[in-house]
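What follows is a set of notes on a single structure, which appears directly below.
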Amino acid sequence: MRIGIGYDVHKLVENRPLVLGGFTIPHTKGLLGHSDADVLTHAIIEAILGALNLGNIGTFFPDTDPTYKNISSLNLLTKILPLLKEHALRIGNIDTTIIAQNPKLNPYINDIKKSLLTILNIPENDLSIKATTSEHLGFIGREEGIAVHAIILLKPL
């Protein structure tokens, strides 16, 4: 078995969609990044790569490569998942926490989860997505950005 921890953070800006887990959340701001800046999917990718000891997301998808400009992060996740099979591993479970002051994300958790499950191909019970605020503290509390923590358990095939 292998365990990986992922973390990602992106700045909130005007005129960008807010994409989390491949699902677009209605909001006045979105996340800034080279790709779609989907912090949730990025954190999951980071957790997978960490568990496999293969570096980080920038190793595979550098933000200097125009190929990945505005790409859906679900496409990036799709490119990473075959590495599990190459290492004779499968996902046991994933636990994530999205930290955002606004918008309130609980109404969208099921939609976000469904979006990710179509790519991850794991049982619904093996993917946990939680949302919390930072109680108005720090850059998240000032609504300047969103962060995500993810942890993954990989099991032998």
Side-chain angles (χ1 to χ4, degrees), residues 2-13 16-27 29-87 89-132 139-140 144-154:
R2 309 277 304 202
I3 297 171
I5 298 172
Y7 174 79
D8 197 31
V9 61
H10 282 273
K11 181 179 182 176
L12 281 164
V13 296
R16 287 275 297 192
L18 177 55
V19 179
L20 295 172
F23 183 79
T24 302
I25 309 290
H27 192 51
K29 294 181 179 179
L31 296 168
L32 181 63
H34 185 67
S35 66
D36 61 3
D38 181 343
V39 291
L40 176 58
T41 303
H42 291 184
I44 291 170
I45 291 169
E46 292 282 17
I48 292 168
L49 293 173
L52 297 175
N53 194 23
L54 292 176
N56 62 29
I57 195 170
T59 304
F60 286 82
F61 311 110
D63 63 7
T64 55
D65 187 336
T67 305
Y68 306 115
K69 181 73 175 157
N70 295 320
I71 192 170
S72 166
S73 294
L74 291 183
N75 289 343
L76 304 180
L77 179 59
T78 300
K79 294 175 186 290
I80 290 295
L81 290 175
L83 296 172
L84 296 172
K85 197 171 207 174
E86 288 177 26
H87 288 83
L89 294 165
R90 65 179 176 82
I91 296 171
N93 73 299
I94 301 171
D95 184 23
T96 66
T97 303
I98 305 166
I99 307 129
Q101 196 63 46
N102 270 310
K104 300 299 181 202
L105 296 173
N106 282 336
Y108 306 105
I109 295 295
N110 287 334
D111 293 317
I112 295 167
K113 193 171 189 177
K114 284 178 191 172
S115 175
L116 280 168
L117 287 171
T118 62
I119 303 299
L120 292 169
N121 197 27
I122 59 175
E124 183 177 348
N125 195 43
D126 290 341
L127 176 61
S128 169
I129 301 173
K130 305 174 301 296
T132 189
F139 73 92
I140 293 172
E144 296 171 5
I146 294 177
V148 175
H149 294 275
I151 187 165
I152 190 166
L153 173 67
L154 300 180

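Residue indices begin at 1 and follow the sequence shown.
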- Kindly indicate, with the supporting measurements, whether the criterion side-chain contact (heavy atoms from CB on, under 4.5 Å) is fulfilled by I99 and H149. CA-CA 8 Å; I99 307 129; H149 294 275; 3.3 Å; yes
- Quick one: which of L54, I57, I80 gives a side-chain contact (heavy atoms from CB on, under 4.5 Å) with I48? I80
- Quick one: CD1 on I146 to CD1 on I25, what's the gap to the nearest 0.5 Å? 8.5 Å
- Enter the distance from I71:CD1 to L76:CG here, rounded to the nearest 0.5 Å. 5.0 Å
- Neighbour count above 12 (heavy atom, 6.0 Å) for K11 NZ: no
- Note on the structure: The side chain to side chain donor-acceptor pair (under 3.5 Å) partner of S73 among D38, T41, T78, D36 is D36
- Got a second to check how far I129's CD1 is from I98's CD1, nearest 0.5 Å? 6.0 Å
- Task: Check step by step if side-chain contact (heavy atoms from CB on, under 4.5 Å) holds for N102 and K29.
- Result: CA-CA 10 Å; N102 270 310; K29 294 181 179 179; over 6 Å; no
- Item | Side chains of D126 and I94 in contact at under 4.5 Å (non-hydrogen atoms) | no
- Of all heavy-atom pairs between G21 and S115, which one has the smallest distance, and what is that distance? O-OG, 2.6 Å
- Query: Does a donor on one side chain and an acceptor on the other come within less than 3.5 Å for D8 and H42?
  - Reply: yes
- Task: Report the relative orientation of the aromatic rings in Y108 and F23; use parallel for angles under 30°, tilted for 30 to 60°, perpendicular for over 60°.
- Result: tilted
- Task: State, to 0.1 Å, how close L74 and G22 come at their nearest heavy-atom pair, and which atoms those are.
- Result: CD1-CA, 3.6 Å
- Task: Provide the closest heavy-atom pair for L49 versus G55 in the form atom of the first, atom of the second, distance.
- Result: CB-O, 3.4 Å
- Query: If we only count heavy atoms from C-beta on, is the V19 to L31 side-chain gap below 4.5 Å?
  - Reply: no
- Atom CG in L12, atom CD in Q101: separation rounded to 0.5 Å? 11.0 Å
- If you look at every heavy atom in P123 and L117, which pair is closest and at what distance? O-CD2, 4.0 Å
- Side chains of N121 and R90: is there a donor and an acceptor less than 3.5 Å apart? no
- Checking side-chain contact (heavy atoms from CB on, under 4.5 Å) against L127, which of I112, N93, L120 comes through? L120
- Query: Distance only, no hydrogens: is a donor on one side chain within 3.5 Å (strictly under) of an acceptor on the other, for N56 and T59?
  - Reply: yes
- CG on D111 to CG on L105, rounded to 0.5 Å: 11.5 Å
- Message: Show the nearest heavy-atom pair for residues R2 and L52, with the distance to one decimal.
- Response: NH2-C, 4.3 Å
- Query: More than 12 non-hydrogen atoms from neighbouring residues, nucleotides or ligands closer than 6.0 Å to NZ on K114, yes or no?
  - Reply: no
- Message: Set out, in order, the CA-CA distance, both residues' side-chain angles and the distance that settles side-chain contact (heavy atoms from CB on, under 4.5 Å) for F139 and V9, then state yes or no.
- Response: CA-CA 10 Å; F139 73 92; V9 61; 3.4 Å; yes
- Are side-chain heavy atoms of K130 and D95 found at a separation under 4.5 Å? yes
- Query: Which atoms form the tightest heavy-atom contact between G33 and R16, and what is the distance?
  - Reply: O-NH2, 3.4 Å
- For K79, does the NZ atom have more than 12 heavy-atom neighbours from other residues, nucleotides or ligands under 6.0 Å away? no
- Message: Within this structure, what is the OG1-CG distance for the pair T96 and L20, rounded to the nearest 0.5 Å?
- Response: 10.0 Å
